[in-house]
Structures are given as C-alpha cells and as structure tokens.
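Note that this is a predicted model, so its numbers are computed, not measured. Just so we're on the same page: letters track the sequence lines, and every chain starts at 1.
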Amino acid sequence: MNLPSVQFTKEQEEFRVEVRTFLQRELQKGTFQTKCDSWLSGSDPAFSKLIAEQGWIGLTWPKEYGGAERSSIDRYILTEEFLAIGAPVAAHWFADRQTGPLLLRFGTEFQKKLFLPKIVKGECFFAIGLSEPNSGSDLASVRTKAEKVEGGWIVNGAKTWTSNAQDAHFMITLVRTEPVSEKKHHGLSQLIVDLKSEGVTIAPIRYLTGEHHFNDVFFDNVFVADDMVVGAIGNGWAQGLAELAFERSGPERILSTFPLLNETIEELKRRQDINGLAHAAKLVAELWSLRNLSIGVAKVLEEGGEVGVPAALVKSVGTKFEQKIPEVVRMLLDVYPHLQAERDLDRFLAESTLHAPGFTIRGGTSEVLYGIIAKGVLAR
Amino acid sequence: MNLPSVQFTKEQEEFRVEVRTFLQRELQKGTFQTKCDSWLSGSDPAFSKLIAEQGWIGLTWPKEYGGAERSSIDRYILTEEFLAIGAPVAAHWFADRQTGPLLLRFGTEFQKKLFLPKIVKGECFFAIGLSEPNSGSDLASVRTKAEKVEGGWIVNGAKTWTSNAQDAHFMITLVRTEPVSEKKHHGLSQLIVDLKSEGVTIAPIRYLTGEHHFNDVFFDNVFVADDMVVGAIGNGWAQGLAELAFERSGPERILSTFPLLNETIEELKRRQDINGLAHAAKLVAELWSLRNLSIGVAKVLEEGGEVGVPAALVKSVGTKFEQKIPEVVRMLLDVYPHLQAERDLDRFLAESTLHAPGFTIRGGTSEVLYGIIAKGVLAR
Amino acid sequence: MSEMKDMIAGVVERIFKEKVEKETVDLLETGKWGEEVWQLLVENEIEKVAIKEGHGGAGGDYEDLFHLYRLVGKYAVPIPFVEHTLANLVLEYVNSQPQSGLSTIHIATQPLELIKGKVTGQLQHVPWARYAEKIVTLATEQGKNSLIIIDLEEATIENSTNLAAEPRDHLRFTDANILLNHLLTEQQHEFLTQLQTAATVSKMVGAIDRAFELTLQFSKEREQFGRPIHRFQLVQQHLAILAGEQALSSSALDNIIALLVEGQVKDEIAFARLKLDDASRIVATSAHQVHAAIGVTHEHRLHHYTRRLWAWRDEDFHGNYWRKQLADKLLHSTNTIWEDLTKS
Amino acid sequence: MSEMKDMIAGVVERIFKEKVEKETVDLLETGKWGEEVWQLLVENEIEKVAIKEGHGGAGGDYEDLFHLYRLVGKYAVPIPFVEHTLANLVLEYVNSQPQSGLSTIHIATQPLELIKGKVTGQLQHVPWARYAEKIVTLATEQGKNSLIIIDLEEATIENSTNLAAEPRDHLRFTDANILLNHLLTEQQHEFLTQLQTAATVSKMVGAIDRAFELTLQFSKEREQFGRPIHRFQLVQQHLAILAGEQALSSSALDNIIALLVEGQVKDEIAFARLKLDDASRIVATSAHQVHAAIGVTHEHRLHHYTRRLWAWRDEDFHGNYWRKQLADKLLHSTNTIWEDLTKS
C-alpha cells in the first residue's frame, strides 16, 4: 500500500503556530486542563463556542455555509493540535468530523443552510446514532424502525453507545425504512432526529470510571419530518460507510494518549534518564511513522480517493499504539495512577489506562478491522 | 486451570548435579558444542551412544526392557539439563520421547522386547511419520495407504517434515488402513516401518539455513509385517493424540533458545550493565513461570491425568517466549548474528533467529493450539 | 491445604458469593464499604486464620491465608481483610501480639523517620487507614529499620483512593507515639517486603481468575453475526491467551506459597510479581476486547477486576522495584541463571 | 519521480523480474554472485543513476536511487549495486570524482586510524569487498574524521557473510596508501551516517514489500481444512498486520526520501530506521507463520527476504545506534517532542 508523503507548506506551518499559540494561551489562562482522550471524553460546550469564534469549526466547508474553505490538511493540523494539548473538543467533534461532510455530500440545500452555519458557530452539536443494543460489531443488524406517515416518519427503537448525546441537539440516526430482507444492509436510511422531540429519552451509560460520555437513546413514536431525511431513502448503509473513512484515519486514532507520552519524556529529561529516553524514543519513532500514514490518508481523502482499507489500517495500528503508551510509561517511571492526582504524569496515566480498552473497540473493533484490511489487500 | 506445584526432592537435585557435571565435563572435553535448538537440530549418534552409556535413554521405562524405572520428574530434569547446555540429543530424542511411551502403552510384548532395549542402548533411532505433503495442520487428512496382504501390509504414499529420518532406523508411520470416510480420523493405523526396507526413499528437505534436519520419506510398495502394527488397526488417531501431550508440554517448548539468554546475562554482567540486566530479569521471571507450568503438566502426566489442554497451553506460550529471547537480546547488546561467529553470543543469536520461525509451527501451530485451548476451557 | 482448611476456604467463598453483589463492590464509590461482609467474617473468626492459637488465632498457615487473599481478589471484596490479617501476621512474625481492633499495614519503600521514640512524616496511599484503629508500618532510625505500630488517632488523615476506588489514604504524623518498636534485621526486612508482595500477588491472581471466568461466560452468551462469539477464531485466540495467563499466574502463586511454607523463598516472589505485571496487562486487554463496549460500562462488573489489576500492579513493591532488585542480584552473582533457577 | 525516471525504475524492475530467479539468489551460498545481472545493469548504465552528468553519470536524484535500492531489496538481487552506487554518491557529495571500477563502501561506527597518510587496522563485515577494486570508508586522525579511498589490493581479505549469505568480508590493512583524504565536517559526517542508513532502510522496505506479497499469494493458493487459508480469521489477522507494517515502512521511506531531496532531514532517518527494526521483526514473524512449514525450507524463496531482514537490521547504523542518538538529542533538547515532530 503506497500513500502520498505530505510535506507541509509554509502557510500550513504558520496556521499550526497560530492554533498552538491560541491553545497554549487558553491553557495558561485555565480555560481548560490538558486531558488524555479529550476528544471523546472532554465535552465543554463553552470551549467549543470559543473554538467556533476562531472560525475553527467546519474549517474545510464552503464559505456560503459559514466554512473557511480551507484544505483537509489544515483541518488535520488543527485537529492534531487539539489532541496534542488534550483540549476538550468533544462537544462539537462529531458535527465537525462527520455530520458536516455527510450533509455536504448527501444533504439537501435546506438542511445545509439550516444546520451548517449553526454548527460552525458552535451552537449546534450532533450525535451519531449507529449501534443498537445487542448489535455490537454487526452494525447492519439495525432494528430501529421508521414508518412512513403523512409528511414524515415515525421512529421507534433505541440506539446505544451514543457519544455525547447529552450535550447534542440532533442525532444522525440510522433506521430501517423497509422490512428486514435477506440482505440486511438494504432498506436503511439516515434521519436527522431533533433530540428535544417528544418521545426521545436519553439515558446515560456510565463509563467504567463512572464518567458520562455515552448514552442510550430511546425513540417512542418520534416524528421526523420528510425534510429531515439525509440523502436517499434506502441508501443509509452506503452513506454511513462513506463517513467511516473520516472516522478511522484521523489523528484521534494515534494521539489519544499523546499528552502522557509528552509528559513522560519531559519527566525523563528532568531526571536525566538517558536509558529511559532511549526507550521513549522508540515510541516517538512509532508515532512519526503512524502520523505519516494518517496524513497520507487525509491527503487521498481530500483528493477524493478511496481509503477504506488504509483508514482501517491506521485505526487498527494506531489504537494499539495509543494503548501501548501507558504500558511502556509505567515501566520507565515509578507511578501511582490516579484521576485526581496532583502530578500530571499520574493523572494522564490514569486517564490513559482507564480509557485504553475503548480505543480498539469504538469506531470498529480491531477484529472487524482485520477482516476488512485482509479482504481489501486480497482483492487487489 | 490449576496444576500441581512441584518441589524437587534431595535425590532429584542430586541427579541434576550428576547430569550437569557429566555434561559440563563433556563440553569442556570438546565432545560437543553448545547450540541453540539442539534438540531438533543437533543430531549426533555418537553423543547419543554416550548418553545411553550413562543409562539416560528410556529413563522412566521398566527395567525388563532396559529402562531405569525412574520418575518422569527425573526425566524432566535430565531433559532440561540437555537443553540448558544445548547438547546434541536429536538422534535419540524421538525414540525416547515418543516411541518408547507409545510402545509401552500400545505395543505388543514382541515389539517392546525387540525395540526398547536397543533404543535404550542408543543403537536404534526412530522417526515419526505424521505430516504429509499438503496436509499441513490438518493432520487427519492422511493419504498414505496400507493395503492388507498375506502376512502384512503394503504401504504406498509419502510423509514429510520427518525430523531426523536420515539418522533413524525405523519410523512410526500413520497410515490409512480403510478407505476415507466422512470421519477422516477413522481408519488410521500406526505401523513401524523399517527405513531400510525396499521401496523406502528418504530425501532431504533443507532448512532455510541449508541444514538438513527434515526429510521427505516416500513409500513405494513397502511391505510391513503384521507384527509391526502398533496397537489396534483403526485406532491410529487416538494413539497418536496420546503422544501429543508428551510432545507439547516438555521443556523443549521453553528452553530452545536458553543458551542465548544465559550468554546474554553473562555478557551484561561482564559489562556491569544494570539497565540491561533489569530487562533480562523479566525474561528470567517469564522462564520461571513457564517452567512451573511445564513441570506441573509433567507431574499430572506421570499420575496419568488428562493434560491435552494445558500441554497445548505450555506450547503456545512457551514457544512465543523462545522466539522473544533473540528479539530482546539484540536490543540489549550490539550484535552481529552469524552461524560461524567466534563470539558465542553472535552464534547463539544466529541459531535462535534462524530457527525461531519453526518454534510456533512444529508440533502444532499456535493457531491450531488456540482453537484446542479455547474449546478445552469452554467445555469445562 | 488440609481438609479442614479446605472447609474454611469453602465457607469464605460461599460468603463472598452470596454477600458480595455488584452493588456491594460499588459501595466504595460512594465512600462506604462492605461492613456487613466484614462482620460475617469476624463472626466466623475468619480474620484470625494464620494467627497462632496461642495468640487467640485460628491456626493455619500461609497457604490458607493467601488462598483467602486470592478469594478477596476474585470477588473484589470491599473490606480490609488482607491489610488487617497481614498486619497481624507480620506482628506474629516478630513475635508480637496481634492487635484486637481493625489494623492496616503499610510496608513500602519510603519508611517514616523515628526520632527519640516518636515519628514525624507522611505516608502516602495507605490502604483503608480511615477505617482502621492502628497501623503497622516501618520507620528508620540511623539507617536501621524498625517495625512500628501507631494508633491512628495520632494521624491526620486525608482520604484518597486507588484506581479501583479502594481507600488509599494519606497520613501525616507529628511527634506521634509508637506502640511497638521492633528492630528488624535486614533479612527480616526483606522478608516483610516479600510477604507484602506475595499478598498483592494473591489478590491479583484472584482478579485474573475472575476476569477470565467472566470472559469465558460472556463469549458463550454473546451472539454476533448470528452465532456465539466463542465460535470466532479471533475470540478463541483471546480465550487461549487468557487461559495461558491465568494458568501461569495461578501456578506462580502456588509455587511461591509452597516456598513460603517451607521457608525457601529466594527470587521467586520477585519472579511471580513480574509475571503478574505482564499477566495483568494481557488479561485486562483481552478480557475487555472480548467484552467490547459492554465491558467498559460501569454497569458491567468486569471493571471491578480490571481496575483492581491496574491499581494493584502499581502499589507497594511493584514490578520496577523487583526488576531493580533482581538486576542488582544478577550483577553480583557468580552463578549462572540456570544454576540459580534450579537450586533450592 | 519524473516520467523518465519512472521508466528507469520500470526497466530495472523488469531486469530483476526476469533475471533474478531463485537460483540466482542462491548463487551466493556457493560463493558466486549475480554477475550476469550486474553486467546488464552496467550495459544500461543503471549504476550511474544519481551521478551528475558532469561526472559521467546519468543524472537523477536520491529518489531515483533509493527507489532502485528498494527494488534490490524486493528481488534480493545478489549484486553490490547499493554499495557501488552509494560509494560514488558519497564521493560526489564531497565533490570528488566517482570511481570507475567496482567500489564498495563501509561507513560504520569504528573507523580506521590514519597516521601520516597511511592506514593500519581492520574493518569487519565489509560488504562485497572480495569483488571490489576500491573501498570508500572513514578514517580518523587526531579525533577528526576523513573520507578515504583505499585500493583493495592493499587489503588482506578474509571472506565472510551475513545471515543471508551476502558477502561481508573482514579486511586488514598495514600501512596502506590512501587515494583520497577528505576531511569531513561533523555535519558531513552525520549526513553520511544518514545516507548509509537511508540506503539500508530502502533495501529493508523492498524485502518487506516482497515478503508481504509472497504471503498474500500463498494465503490464496494454500488450502487447509478444505478451504483457502485466507478465509481463516487468524490468517486474516496476519495479513492485516503485514499490510500495516508494509504501509508504515513504505510511507516511512517515502518520507525520508522527500526530506533528503529537500535537504531537510532531522531525526526522521533515525525514526525510519527504528520503525524498520520493528517492522522487520513483525513481518518476518507473520510471513513465516502464515507460510508454516513450507516457508522455512530452503526450497521456498521466503527466506531470501526474511534472512535479509534479519541480517540488515543488525548491520551498519542499527536500531540501538539510533536510539542512543535520539536519547541524547532528547536529553539536550529544550523543545517538546511535539514541537520537534511538527517543525520542519
């Protein structure tokens, strides 16, 4: 598999400096605290609003919808800087990463005009309703049903593992609009559900730490108007698949535990521990090589290329790397992981260790990805 | 899974000292040279004869057949010492490990009297004919045929990956004595084939290093007398399975690369490299824990217990450990692996690296073992 | 274990099975603990196992006690059983009377400083201190180690927890009186570090037993793509890996217990602790991967065991400590490792 | 690569495909080499790629040359192409004339000692020395590094090989004359170590390309238990792992080539080399595991690639060397790693 090698332009580097300077200033002001896995577990609507004010939500989107029409490489840089400093970007994350591109590709003009400018302003957050109770990796086994009625659809069923639904205003919901047939990928559609509609119940699923990032979302005769259907009725599976490449190859599959690696190296430097640094250097090299690949995929994506397989590959290798960092760190330094530790190292280690199991599960388990990758390379 | 914890008796420890003293003296005399993976790749009939003279072949067998009637723990100790010092014991290995126990369990009195005393004297070596061209892990897909004739059987077909057939006198050969049915494990039998019979051709399969350990063995109308059938006709698969536990749980699934680990630690000690020693200590701890398990299986085996699953487990974890040693060593010391290197470290590293791929293949691939173990623990 | 002791283990496991519901373990997160279970054990005098009969104990040896520790790990029991009994065991070891009230113990690398019979200083991450009356711990005076007892009335206690929400409190002492001052030989001091480590290893093995059991069970019940997930090779691989680590951990524990009983311990406790470091990582990883999303919810009990493994592996004498100890021994050893491994 | 250069790569790959049979690679084990292939390359002036036209070369840049090195790795071509062209490239780099006869190069951590314009000492594991006329190597004089050329007529040569049977000879010089003595700045010296490493990385990536390709193909052809093995999840896992390492290695190489072309290399060659260390291990392991017994026979060509990976990873500036370099840089850096990684 050969992906392009990307060298950043001077403008891109200046943009990085701009973002970094801003974030470092906000960090010093105490606007946020560095956290590992902040893109999923750090939701702060006020912070997202601040990011919106910089024009950094919907960065690549057309200007007519409030976007900045910048390149995906710029967006890549922006995202990297959020992750490297562990900023709480979860509130607007899904709308920016998935909903925007989805609507731009499949949405109606009405939908684009209605939602995109609000997303860009940091006033409208989206959740993604994909998994269902008992569906697990078998995503196509959707049982949430939408039945046609006058002027719209009536939705009944439930979604689960919905990140950040508690802060979101809408949810892109994959539903079954035809009875189940032999081919379970058929007859699926994507609806935009207003989470404040009558009949919607959001119940927290607490993470093993007790934190609240995930939700069950139940639909009891929820009405969704016709103009809230995304793309074509029955085309939901194909539309959903297109989102996955965006979801799987990004820097968030490499950098979730980066603040821990960074702090570890700073601590080893303070201790003048040359042996420890030699071990840590190996992790830096791995990060470098993963990052090349991930940026390469971003480049192909921008050019409209097909990246399903390399994106799956970045996710499967990248998330193992994210998991490895806390395990290496505790061999290099004496630690006492604790979520409220005074020492950053101990806190980052606790966040990384406790969140690590999710890395190779969320967004496609490694087991499912192995199958996708193998079939992809065999088919060439 | 709980296996007994074994503490050695004073007598057992004395036996270990006896064996070790003998081997160290022979090593110093230049009778042999320490080698990694010597149990498979170090065949030296003269050395085997020397071992026989000590009474160390067939150690656990009844005295009436020339054995010493000692415990399997004694045999475990003996084997460990061979491996730890990397002695060339391949010539008598299979007869001692597999053929003896097989004949004692299933053989006729005639067979026991004929073969066991010769094996014990180091004058009769056996090979094991199990795999066939294209059979791979699917051992039951045997196509070598034995057809009944007056007074015996006519064998046609081929066996492959036969370790040490070039030095062996006989081969325990798994053949099909009934036409293939739905159940491919049925209708298999074990015959003792004299490798000097008319119609037997032995062709070397060279290992990737060019060395000759494996062979293709072809049968062209080879006559085997009725009294050379082991156990019952049609019972070959069950008899063969019983051998596997002996084959999979022994110290040779843990210690194949031990001489390299030992030399590495000595080198690190010479260099006063405390950091390197801390890494190497982890390997010693792993070895200790694997050894406990392996000895535990030996103990259960001796008591006649069922050890199919734990034996598969020792092999799957142990062989990965054997493979890991060369990979860790080259991170701890600067090396230049070479089979004819002057420095032992470089030579042991070359032997270990080049032989490592076979560890997780021979005697059951790790993939096959995972299935056996999982099914075993699920069934409890 | 003798038959009678098998019986004790049976009684205790039954108590844990019946009384330690998921909600009981979760109590810790609301600042409560398994008081009811503790009372049951006290009523049955289980906390006196391994205390000599002459000291008012129930008899028994290391094997009995460490087996109970393994059960504490296996059921994630939210009580200071290990700490209390280990404190008394250590007191017995130095020929001192066990304490009657609830005690805890803290044998770690940074002892308190003892000056003229009083101690001043801090202890971090002390297990269960908030509930205990006394603490058994170490102090140094002019480079020599003593085992001391302090009444916790003399401590300022700041509550904290480990990763698994178990109480791990910070204590501060100012000119605190000590109730015992037993000078330790170097050998005795080393033995205490081994005993503490063996206790932790026992708990860890128990947690591994359970994480494995839960995963096996889940793999039978959970269906994906139309069949139970244990039918998939990749899940079987996880199960085989888990079975391996469980067997290795279990036999490591059995081995060090046998050596402790015989008073023959050399490097084996260090080896066991290092093995458990690896096993904890591997087991937590595979158990969670098989359970997938369900296993990372608070609602599922898997995290009771994986969080404990992550917490315990970095407490008291951890892997890094023992690696350094072993490296130092290797450096000065004239034996080969094979000689060391095979000599008892 | 320009279109014309694409063409060169195409020509070379076709030559390798047609002329480098398994038997050709095996020649090395009988003390012979791929002379015929070498002659073909010379006839096509391929060995002059990346030599300036003013120096009688064919033009081209690092990208062209390193791509050819990757092909040498991919086909395990038993000729001193990398060594000869790298020797001349290095000479050009110090503004010296390339040599006409067959040259080899040896830039390693232990340079020869230069006294009064003559060298005495040994070089170990020198690639292809037995066939070369000249060697380009390093010497030190009063702590300063020079690039030198020695005529190999002046050397005592003891033949040896690496793990893959490639010639790696031991040379001994006594008062040998030197044909060039170019004093190197520290920066130039560092660049030569980077160039040598990049060449090795290129070969390694090629070997990985091929080991992956062979494994994919084998998994389609080989049947077990009644179906092609690529249908088994555990084989798919190996294929996915191989695909990942191949992609990571390939993009690492592309990246360092791009930086070399722009003269922007910092730590990236070290990173790439460390990545290839891991990738070599993982690829060799998974490729062999999928091939099972067939893959460890001499008859199968897989070992041409895995043995080269095992050999090359411990030659010249290996992983340990670069880890130490990086650790040293980290120790003295006032930047965070993120600043270093993102600054070009």
Contacting region of [X] [heavy-atom separation from chain C under 4.5 Å]:
X: B/Leu290; result: both
X: B/Ile295; result: neither
X: B/Leu3; result: backbone
X: B/Ile274; result: both
X: B/Glu80; result: both

Select one option (side chain, backbone, both, neither) describing which atoms of [X] are under 4.5 Å from chain B's heavy atoms.
X: C/Gln237; answer: both
X: C/Glu213; answer: neither
X: C/Ser249; answer: neither

Exercise. Could you tell me which residues satisfy side-chain contact (heavy atoms from CB on, under 4.5 Å) with B/Ala84, sequence neighbours excluded, listed by chain and number?
Key: B/Phe258, C/Trp338
Chain C contacts, top residue of [options] (heavy-atom pairs, under 4.5 Å):
options: B/Asn275, B/Val317, B/Leu293; result: B/Leu293
options: B/Val309, B/Leu277, B/Val17, B/Leu268; result: B/Leu277
options: B/Ala374, B/Ala278, B/Ser316; result: B/Ala278
options: B/Ala281, B/Ala280, B/Ser289; result: B/Ser289

So which atom in [X] and which in [Y] form the shortest heavy-atom distance, rounded to 0.1 Å?
X: B/Asn292; Y: C/Ser251; answer: CB-OG, 3.6 Å
X: C/Glu262; Y: B/Gln7; answer: OE2-CG, 3.7 Å
X: C/Ala258; Y: B/Ser5; answer: CB-OG, 4.0 Å
X: B/Glu266; Y: C/Asn335; answer: OE2-O, 4.0 Å
X: C/Leu331; Y: B/Asp273; answer: CD1-N, 4.4 Å
X: C/Ile337; Y: B/Asn262; answer: CG1-OD1, 3.6 Å

Practice problem: Go through the steps to decide whether C/Arg323 and B/His279 satisfy the test side-chain contact (heavy atoms from CB on, under 4.5 Å), and finish with yes or no. | Solution: CA-CA 7 Å; C/Arg323 279 202 301 154; B/His279 283 277; 3.9 Å; yes
Quiz item: Does a side-chain heavy-atom distance below 4.5 Å link B/Lys375 with C/His230?
Solution: no
Please determine, among [options], the option with the most heavy-atom pairs under 4.5 Å with chain B.
options: C/Ala243, C/Ala240, C/Ser219; value: C/Ala240
options: C/Leu239, C/Val235, C/Leu248; value: C/Leu248
options: C/Lys220, C/Lys324, C/His238, C/Gln217; value: C/Lys220
options: C/Leu330, C/Asp277, C/Leu274; value: C/Leu330

Practice problem: Please report the C-alpha distance between C/Thr342 and B/Arg291 in whole Å, then the side-chain angles of each, then the deciding distance to 0.1 Å, and finally whether the side-chain contact (heavy atoms from CB on, under 4.5 Å) criterion is met. | Solution: CA-CA 10 Å; C/Thr342 54; B/Arg291 195 170 161 253; 3.7 Å; yes
Decide if atom [atom1] of [X] counts as having more than 12 heavy atoms of other residues, nucleotides or ligands within a radius under 6.0 Å.
X: B/Arg271; atom1: CZ; answer: no
X: C/Gln187; atom1: CD; answer: no
X: C/Glu223; atom1: CD; answer: yes

Quiz item: Below 4.0 angstrom, N of the basic side chain to O of the carboxylate: do B/Lys282 and C/Asp278 qualify?
Solution: yes
Quiz item: Going through the checks in order, is the side-chain contact (heavy atoms from CB on, under 4.5 Å) test met by B/Trp288 and C/Glu268?
Solution: CA-CA 8 Å; B/Trp288 172 80; C/Glu268 293 82 0; 3.4 Å; yes
Practice problem: Verify side-chain contact (heavy atoms from CB on, under 4.5 Å) between B/Val284 and C/Leu326, making sure each step is shown before the conclusion. | Solution: CA-CA 10 Å; B/Val284 181; C/Leu326 286 174; over 6 Å; no
